[in-house]
Protein chains: 2
Amino acid sequence: MAGRSDEPQVIWARPERTGRGPRPAYSRADIAAAAVRIADADGMDAVSMRRVAAEIGCGTMSLYNYVPRKVDLYELMVDHVSGEYDLSRPPSGDWRADMTYLAHQARAIMRRHPWVVRIMSSVHGISPNALRCLDWCLAALEGLDVPPGTKLELFGMVNGSVMTFVANEQAVAERGRSAPWSAEREQAVRGAYLAGQVATGAYPHLAALFAEGVAPEGDADATFDRMLRRLLDSFAPK
Amino acid sequence: MAGRSDEPQVIWARPERTGRGPRPAYSRADIAAAAVRIADADGMDAVSMRRVAAEIGCGTMSLYNYVPRKVDLYELMVDHVSGEYDLSRPPSGDWRADMTYLAHQARAIMRRHPWVVRIMSSVHGISPNALRCLDWCLAALEGLDVPPGTKLELFGMVNGSVMTFVANEQAVAERGRSAPWSAEREQAVRGAYLAGQVATGAYPHLAALFAEGVAPEGDADATFDRMLRRLLDSFAPK
DNA sequence: GACTACTACGTACGCTGTACTTAGTGAAGG
DNA sequence: CCTTCACTAAGTACAGCGTACGTAGTAGTC
């Protein structure tokens, strides 16, 4: 019977193996890896239960023995790529540097697996690799003299801000990719629309910004670091 | 023919009425209102093209004359609720207070329409009401002496952070709602799982946090304001 | 009045998540 | 050792999705 209703809702609270009956043919790691492979190759929309089952080589419904619901598959996927954090070296003692190190890795992971940002919000954040990451973070913040709750807030805000930032980056990058014509053409249409709206006079301050020639916003990496530095400073103003 | 491929990808760049042919029977506002009504009542998953079409009283495929793709419906929905921002009074002159005012409204809107956070990331942010909001924000930031690009960054970070915060709030609230048993039971299972993981000794610093008795995190409103204050301070440290 | 862009609508296709059923397997308890 | 039964594996089926496409009718433009 698939998806028993007296099971915990969180997949991590389910033991992977109960010890009774035949040995499961696949591991959670196998399944996660397969799903990640599909998402990397063909995008998140290509990740269906059927497709993942086919990828690991079992029947569609057999997959439900391992993954009771689709969202649990998301859990596995996010945990799997969270394993890409390199936390082998212990924190340096400079918590700002350590948090920056962590944030840069988070951004790198999200760039390597763009689909992560789409499913991250539906994930519980208590998967093994999430806890591993949190623990390293707490170690890094040992020297920071703030209440424990604030450390969790810091962790959450850094993660959230990185996600928001990358989501914006992706949105900008995506703008044209799906256009039937070239990206430039679509960008031009957007620009023309915006210019038209501004020209109506309904948005005077936005018009002023445009007239002033809004900054070319420079390097994305620089903007990212600036954002991050601001955020960290806000927790311990010097 | 529905969904012509030589049309702009952004619905806002499409005129609502071209002047040729029969007068459209419905307006974008009608459609947006209908979709919002459904989402408010039965959740985002209930918002399908069929259901929206039925709600406004037309055939399913007729809706595609107004809304070429599903994501465009999202645009209409987000713009519609963005109309709930009260920007009737001009900015006060105190940009921190004004941004706080804006952020509180954003949070209120997302609490009134929980589904917004799920679709907000797939939206372009150049809808009429988004521009109206941005313009008010720019007016509020007139007194802040930073480059124009930084003002846009501030707007983006505030919006993004509010979204992240509310998404977390919702995730916590949702944790138990979908459980077959009571929310407490599920919470207990989660807690037991976490305790078990911590007890393995794999997460020493997390264990220390638990042992120390992690702060009960107090009022969510207070946490929100603290987060916001930090963010604003990070743009203009006093 | 002819033309033509537009609205309106129904049918149909391929896909989704997953409830339910049946059969077989192998470790645990007596 | 043998019975028991929780477990794995798989297939079938269903309700619903987004939307491509074709057809018919309508109302502004030349």
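Every chain is numbered from 1, with letters handed out A, B, ... down the list of sequences. No hydrogens, no waters, no symmetry mates; every other heavy atom, side chains included, goes into these values.
Partner of A/Arg107 under the side chain to side chain contact (heavy atoms under 4.5 Å, CB included) criterion, chosen from A/Val162, A/Leu102, A/Leu228: A/Val162.
Here C/dT7 is the nucleotide among C/dT7, D/dG18, C/dT18 with the atom lying nearest to any side-chain atom of B/Asn65. Comparing D/dG18, D/dC21, D/dA9 by their nearest atom to the side chain of B/Met61 picks out D/dC21. Distances from the side chain of B/Ser48 to the nucleotides D/dG18, C/dG17, C/dA8 place D/dG18 closest. Counting only heavy atoms from C-beta on, B/Pro22 has its side chain closest to C/dC6 among D/dG18, D/dG11, C/dC6.
Annotation: of the two residues near DNA chain D, B/Val71 and B/Arg17, the 5′-most nearest-nucleotide partner is B/Val71. Taking for each of A/Val47 and B/Thr60 the nucleotide of DNA chain C with the nearest heavy atom, the 5'-most of the two is the partner of B/Thr60.
Heavy atoms of other residues, nucleotides or ligands lying less than 6.0 angstrom from CZ of B/Arg17 number more than 12.
The nearest whole Å value for the distance from the OH atom in B/Tyr64 to the C1' atom in D/dG22 is 16 Å. Rounded to an integer number of Å, the gap from A/Met49 CE to D/dA10 P is 14 Å. In this structure, the OH atom of B/Tyr74 is 12 Å from the P atom of D/dC17, given to the nearest Å. Look at CD1 on B/Ile56: it is 9 Å from P on C/dC9, rounded to the nearest Å. The separation between B/Ile38 atom CD1 and D/dC17 atom P is 10 Å, rounded to whole Å. When rounded to the nearest whole Å, the span between CG of A/Leu73 and C1' of C/dT18 equals 14 Å. Rounded to whole angstrom, the span from the CG atom of A/Asp72 across to the C1' atom of C/dT18 amounts to 13 Å. Distance B/Asp45 CG to C/dT18 C1': 14 Å, rounded to the nearest Å.
Between A/Tyr101 and A/Trp136, the ring planes are tilted. Angles from 30° to 60° get that label.
Backbone-only contact: A/Tyr66 has heavy atoms under 4.0 Å from sugar-phosphate atoms and none from a base. Across all strands, B/Ser62 comes closer than 4.0 Å to base atoms (heavy-atom distances).
Judged by atom type and distance alone, A/Arg50 reaches the base of C/dT18 through a side-chain donor-acceptor pair under 3.5 Å.
Looking only at distances, no side-chain donor or acceptor of A/Tyr66 sits under 3.5 Å from a matching main-chain atom of A/Pro24.
The residues B/Asp72 and B/Arg28 are annotated as not salt-bridged, no charged nitrogen and carboxylate oxygen being separated by less than 4.0 angstrom.
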